[in-house]
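Here the structure comes first, spelled out in structure tokens, and everything after it is commentary.
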Amino acid sequence: MEHASVDSVPPCFNSLASVYDDDESKSKYSKLEKIFKETFSNNVPDFYVRAPGRVNLIGEHIDYEGYSVLPMAIARELVLAVSICNSSPSSTTSSSSATTTISKSISLANIDPSFTPTTIPIDPNANIVGPLHWSHYFRCGYKGAWLLSPDDNDTAIKSADNDSKKTKRQNKVDCNDNHIINKGIAMNVLVHGDIPLASGLSSSSALVVASTVATRTAMFMMKADVSNLSGPQLADLCRKAEDYIGTMGGGMDQAISVLGEKGIARLIHFNPVRTEPVKLPANVVVVIADSLTKAEKAKDAKLYYNKRVVECMLAAKGLSKVMGIRNWKQMTTLRQVQDKLNKTLQEMQSLAEQHLIQVGTEESLCKFFDVNNLIDLFQMDDESTTSVANSIHDVLKNAKEYKLRPRAVHVYSEANRVYAFHQVCASGSNYKNKDRESVSPSIEETLGKLMNQSQISCRDLYECSSIELDLLTDTCRALGALGSRLTGAGWGGSTVSLVRDNQVDEFIHNLKIEYYAKANKGKIVDDNATNLHKVVFACKAMTGTSIFRF
């Protein structure tokens, strides 16, 4: 790690100015170091890792179906201050000589006192059990850094939940150093974050990414034999690591947190992960507004998020069977079906509308698929983690019915909207002159229309919106937003709106009155707007994950 530089992945800097443009960041890191010393017996951090949150502009619930999405990293971020625990002498009762005491745990604390400090075992094989705790996301990244590694094809990630699935990483790590005990590293970690929790802005994935990078950084510093990863490989590793929490995500959150770029959104493709830069029109601004209802993806995964994944898997198998695909049972994503049939997205949408049932029970679906139990359709291969298999079992155990047609129609139509959004942004370059006002009005209006269509689809077909999100998006449009939609998994959380740059201040002011005050949210946003910046704010694209060593 001594040789890490801006060319490493993620980049390592020795100056905050390499990432931040303001002086506020200096006070944040100074405060973080001060509290770190107070928390961990006057120790100082060896390094810092920052991982940004994200806002998804368009492309909801399609990354796990293999389709491209269009998010951007934001300035709201999560920062870890980390020190590797040094051995320290301690007296023994049998003699006056000193012995070496080595910590065998990771001490984890948070600047926010509502998050209770905890210690976690350094053994990466230790299971994550018990009620959901904020430290579990850190443990996902920690486990992933040790137990997951990319294969030669740059896309597949091997997991290790038991001895039969031990990876190359476990076999290659040199554990001779005193700080590395049983393939683990003892650390002190202090967390600071300003991403609103459960707001649909990916605070949980930011912690997984930061934890993965922090663990790998510590491994480098302790001279463990750790492979270098490309940015896409690191993003894919972080995606698989978050599987340990029990959500069946598709990789958007981790990819943009790792690969974000200042001033630029990203069109992210999958299988393998790769990105294209996207520049929004110069005269529009992205505004995020929190509905003030929580979207706890991991907590409600059995009821909502994972069920949608399973419904899409059933839709993929059902459409494959109807269309005569020989190996239809092996189809797991709607993208695979499209590729197999060599159809356009519009054609796939039509096929889904024609051939998939609106809703089915376990009994009717078993009859259609000619199986005794739906679980027989889900064959777990060697790359599947135990947590993913358990998630599928949980959905099938609890679900009463499955909606196939609307889920598939949403996925195909939403994927089409993402490509249209990207094409419109690209075509905007033809309208730009030296005068920024010369950008054609039709460009931003078209983008807004696509966002509004996305919200309707999320609300009516995927059913991942909420009363509050519907009200908030309607209010944003009424106040002049070109387009407004939920962002993130939904069922609460935030909206993203596209607003003309000369209307942003007025838009935010009016939104406070028309949504936050009228919705009786005064306890969170008071009359003086002292908390307004925490729940509604304009944002710019920010650079991705980085390391600081001062």
Side-chain angles (χ1 to χ4, degrees), residues 1 4 8-12 49-52 54 63-64 66 69 71 73 78 80 82 124-125 128 136-161 165-173 183-185 187 202 204-221 224-260 266 268-275 381-388 544-547:
M1 194 64 199
S8 63
V9 178
C12 183
V49 176
R50 56 163 294 278
R54 64 96 188 95
D63 54 343
Y64 51 75
V69 294
L78 188 139
L80 303 184
V82 184
N125 288 292
I128 302 174
H136 289 177
Y137 292 100
F138 180 91
R139 294 185 63 182
C140 284
Y142 182 77
K143 284 172 69 72
W146 285 98
L147 304 182
L148 305 176
S149 69
D151 67 8
D152 294 334
N153 294 323
D154 195 29
T155 58
I157 302 291
K158 306 297 182 181
S159 75
D161 281 319
K165 294 182 180 180
K166 286 188 177 179
T167 66
K168 297 177 183 178
R169 172 68 57 254
Q170 289 175 288
N171 296 328
K172 290 171 67 178
V173 171
K183 300 182 179 64
I185 298 179
M187 297 181 285
S202 199
S204 55
S205 293
L207 181 51
V208 174
V209 170
S211 171
T212 304
V213 172
T215 304
R216 285 178 52 82
T217 301
M219 293 164 73
F220 273 114
M221 292 177 67
D225 186 6
V226 183
S227 300
N228 290 323
L229 299 181
S230 67
Q233 282 182 313
L234 176 60
D236 205 18
L237 188 154
C238 293
R239 175 187 65 84
K240 292 296 293 182
E242 195 162 337
D243 283 349
Y244 289 120
I245 207 71
T247 52
M248 301 165 66
M252 170 182 66
D253 299 348
Q254 299 83 4
I256 192 61
S257 188
V258 171
L259 302 170
R266 287 282 183 184
I268 301 178
H269 309 287
F270 300 98
N271 304 314
V273 174
R274 57 208 187 279
T275 72
D381 58 31
D382 290 339
E383 294 181 7
S384 300
T385 63
T386 299
S387 55
V388 170
T545 301
S546 49
I547 304 164

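All heavy atoms count here, side chains included; hydrogens, waters and symmetry mates do not. None of these values were measured; they are calculated from a predicted model.
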Please name the pair of heavy atoms, one in [X] and one in [Y], separated by the smallest distance, quoted to 0.1 Å.
| X | Y | value |
| --- | --- | --- |
| Pro71 | Arg54 | CB-CD, 4.3 Å |
| Ala218 | Met187 | CB-SD, 3.8 Å |
| Val209 | Ala51 | CG1-CB, 4.1 Å |
| Pro11 | Thr545 | CD-O, 3.6 Å |

Roughly how far, to the nearest 0.5 Å, is [atom2] of [Y] from [atom1] of [X]?
| X | Y | atom1 | atom2 | value |
| --- | --- | --- | --- | --- |
| Leu148 | Thr212 | CG | OG1 | 8.5 Å |
| Cys140 | Glu242 | SG | CD | 6.5 Å |
| Lys143 | Asn125 | NZ | CG | 6.0 Å |
| Thr275 | Leu259 | OG1 | CG | 5.5 Å |
| Gln254 | Ser202 | CD | OG | 6.5 Å |
| Asp236 | Asn271 | CG | CG | 8.0 Å |

Side chains of [X] and [Y] in contact at under 4.5 Å (non-hydrogen atoms):
| X | Y | value |
| --- | --- | --- |
| Val208 | Tyr244 | no |
| Thr217 | Val82 | no |
| Val258 | Pro10 | no |
| Leu80 | Val213 | no |
| Leu78 | Tyr137 | no |

Side chain [X], main chain [Y], donor-acceptor under 3.5 Å:
| X | Y | answer |
| --- | --- | --- |
| Arg216 | Ser227 | yes |
| Ser211 | Tyr142 | yes |
| Ser257 | Pro52 | yes |

Pairing residues for His136 by the side-chain hydrogen bond (donor to acceptor under 3.5 Å, both in side chains) criterion, not counting sequence neighbours: none
Partner residues of Phe138 under the ring pair (Phe, Tyr, Trp, His ring centres under 6.0 Å) criterion, sequence neighbours left out: none
